[in-house]
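Would you mind keeping the following structure in view while I ask a few things?
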Amino acid sequence: MNIQKILYWLATGVLTAIMCFSVFNYFANYELMSGYFEHFQYPVYLVYPLAIAKVLGLIAVWGNFSKWLKEWAYAGFFFDTVLAFFAHYITDGNGYLFALIALSATLISYFTGKQVRP
């Protein structure tokens, strides 16, 4: 198997796991997550729409339905992980490593996926 394929599937798997973990927490631990959103000074009403957007983004990436749709899904994951990284880094100085891993997985999955899944 090609190294690019391995990197793509590994990064996409890590991205999927992180996004599924956050979606689960958004739905199962709403009070805790809304507390985090308040701490990071993000609006609390974004918790459920963000969870739904993450699920739809994962469907777009894994489904490979449309190039345009997949590009927008990766853009959404990129913005989400960048904002999460800076929110964690600026407010409490720790916890940003998880967001940095998600950002790296997003970028690796996006750039290697262009060659692996045209």
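All of these numbers come straight from a predicted model, not from anything done at the bench.
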- Task: Working to the nearest 0.5 Å, report the span between CG of L97 and OH of Y89.
- Result: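 Output value for this atom pair is 12.5 Å.
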- Can you tell me how far the CZ atom of F78 sits from the OG1 atom of T106, to the nearest 0.5 Å?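 The OG1 atom of T106 is 9.0 Å from CZ of F78, to the nearest 0.5 Å.
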- Taking all atoms of both residues into account, what is the closest heavy-atom pair of I108 and L7, and its distance?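 Looking at all heavy atoms of both residues, the shortest contact is CG2-O, 4.0 Å.
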- Message: Test of understanding: with side chain to side chain donor-acceptor pair (under 3.5 Å), list the residues that count as partners of S109, not counting sequence neighbours.
- Response: T12, Y74
- Item | Cluster overlap L107 with W72, hydrophobic side-chain contacts below 4.5 Å | no
- Message: Rounded at 0.5 Å granularity, tell me how far CZ in F77 sits from CG in L15.
- Response: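 Reported value, rounded in 0.5 Å steps: 5.5 Å.
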- Given side chains that start at C-beta, do those of I18 and S22 come closer than 4.5 Å, heavy atoms only?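 No; the side chains remain at least 4.5 Å from each other.
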- Message: Return the CZ to OG1 distance between F86 and T91, rounded to the nearest 0.5 Å.
- Response: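 Rounded to the nearest 0.5 Å, the CZ-OG1 separation comes out at 12.5 Å.
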- Query: Got a sec, which pairs hit salt bridge (Lys or Arg N to Asp or Glu O under 4.0 Å) with one end in residues 10-22, sequence neighbours left out?
  - Reply: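 As it turns out, there is no salt bridge (Lys or Arg N to Asp or Glu O under 4.0 Å) pair with a partner in residues 10-22 once direct neighbours are skipped.
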- Which residues satisfy the side-chain contact (heavy atoms from CB on, under 4.5 Å) test with S104, sequence neighbours excluded?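 None.
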- Message: Under the salt bridge (Lys or Arg N to Asp or Glu O under 4.0 Å) definition, can you give me all pairs with a residue in residues 53-65, not counting sequence neighbours?
- Response: K54-D80
- Linking I/L/V/M/F/W/Y whenever their side-chain heavy atoms sit closer than 4.5 Å, directly or via other members, would V116 and L69 fall into one cluster? no
- Apart from I52 itself, its cluster of hydrophobic side chains linked below 4.5 Å comprises V23, Y26, F27, Y30, L32, M33, Y36, F37, F40, Y42, V44, Y45, L46, V47, Y48, L50, V55, L56, I59, F65, L83
- Determine the minimum heavy-atom distance between Q4 and T112, stating which atoms define it. O-CB, 4.0 Å
- Message: With a 4.5 Å cut-off on side-chain heavy atoms, are E71 and Y110 touching?
- Response: yes
- With sequence neighbours excluded, tell me which residues meet salt bridge (charged side-chain N to carboxylate O under 4.0 Å, His left out) with E38.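 Residues passing salt bridge (charged side-chain N to carboxylate O under 4.0 Å, His left out) with E38: none at all.
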